[in-house]
S.K.: 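Structure below; questions to follow.
Since the structure is predicted, the reported quantities are computational estimates derived from the model, not experimental observations.
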Amino acid sequence: TQATHTPGPWYYAEWQHAGGTKFYIAQQDGAPFTENFSDAAEVVCGTVSGEKYEVQKANATLIAAAPEMLTALRGAVCALAFAAERDPSFQAQYEQVSAAIEKAVGIV
């Protein structure tokens, strides 16, 4: 079965809590409203500071870009399928992008 996710676009935010920072992912203003899913992820990490803060911030930024990346991959896989029909050297990229889409939507 295919996973259903909160519609994008998303953004990440952070707040100071108990001596460190917590991150969360939510829909941007103007995103299609989904009553029960306005937050994509309330907390994507625990309280962090120092070097761990930079890693968790990078993770939150990456997660927030997920809806746009999925849309881009869906467009790319169509172009790669077309290219692979004409030139087999594109087959590996087509398979890689297809696998990434399947992983993102919960097929694998």
S.K.: What's the shortest heavy-atom distance between Ala104 and Leu70, and which atoms?
M.R.: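 So the two residues come closest at CB-CD1, 4.1 Å.
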S.K.: Please give me the minimum heavy-atom distance between Gln16 and Thr21, naming the atom from each residue.
M.R.: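 That closest heavy-atom pairing would be NE2-OG1, 3.0 Å.
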S.K.: Using the side-chain hydrogen bond (donor to acceptor under 3.5 Å, both in side chains) criterion, which residues pair with Glu85? Sequence neighbours excluded.
M.R.: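 With neighbours one apart ignored, the set is empty.
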S.K.: Does the ring center of Trp15 lie less than 6.0 Å from the ring center of Phe23?
M.R.: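 No; Phe23 has its ring centre 6.0 Å or more from that of Trp15.
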S.K.: Compare all side-chain heavy atoms of Gln56 with those of Thr61 and state whether any distance is below 4.5 angstrom.
M.R.: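 A side-chain contact under 4.5 Å is absent here.
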S.K.: What are the two closest non-hydrogen atoms of Ser98 and Val77, and how far apart are they?
M.R.: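 That closest heavy-atom pairing would be OG-CG2, 3.2 Å.
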S.K.: Please report the closest heavy-atom contact between Leu73 and Ala100, naming both atoms and the distance.
M.R.: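 Between these two residues, the closest heavy atoms are CD1-CB, 4.2 Å.
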S.K.: State, with a plain yes or no, whether a side-chain heavy atom of Leu62 is found less than 4.5 Å away from one of Met69.
M.R.: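 The answer is yes, as the side chains (C-beta and beyond) meet within the 4.5 Å cut-off.
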S.K.: Is there a side-chain contact between Pro9 and Glu68 (heavy atoms, below 4.5 Å)?
M.R.: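 Counting from C-beta outward, Pro9 and Glu68 do come under 4.5 Å.
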S.K.: Between Glu14 and Tyr24, is any side-chain donor less than 3.5 angstrom from a side-chain acceptor?
M.R.: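 There is no such pair (donor and acceptor under 3.5 Å, judged by atom type) between the side chains of Glu14 and Tyr24.
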S.K.: Atom CD of residue position Gln96 - does it have more than 12 heavy atoms of other residues, nucleotides or ligands inside 6.0 Å?
M.R.: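 No, not enclosed.
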S.K.: Could you state the interatomic distance from NZ (Lys52) to CG (Asn59), rounded to the nearest 0.5 Å?
M.R.: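 Separation between the atoms: 10.0 Å.
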S.K.: Taking all non-hydrogen atoms of both residues, which atom of Arg74 and which atom of Val105 are closest, and how far apart?
M.R.: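 In this case the closest contact between Arg74 and Val105 is NH2-CG1, 3.3 Å.
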S.K.: State whether the number of non-hydrogen atoms from other residues, nucleotides or ligands found under 6.0 Å of Tyr12 atom OH is greater than 12.
M.R.: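 Yes, enclosed.
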S.K.: Would you give the length of the straight line joining atom SG of Cys78 to atom OH of Tyr94, rounded to the nearest 0.5 angstrom?
M.R.: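 Reported to 0.5 Å precision, the distance equals 8.5 Å.
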S.K.: Are Ile107 and Val97 linked, directly or through intermediate hydrophobic residues, by side-chain heavy-atom contacts shorter than 4.5 Å (ILVMFWY only)?
M.R.: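 Same cluster.
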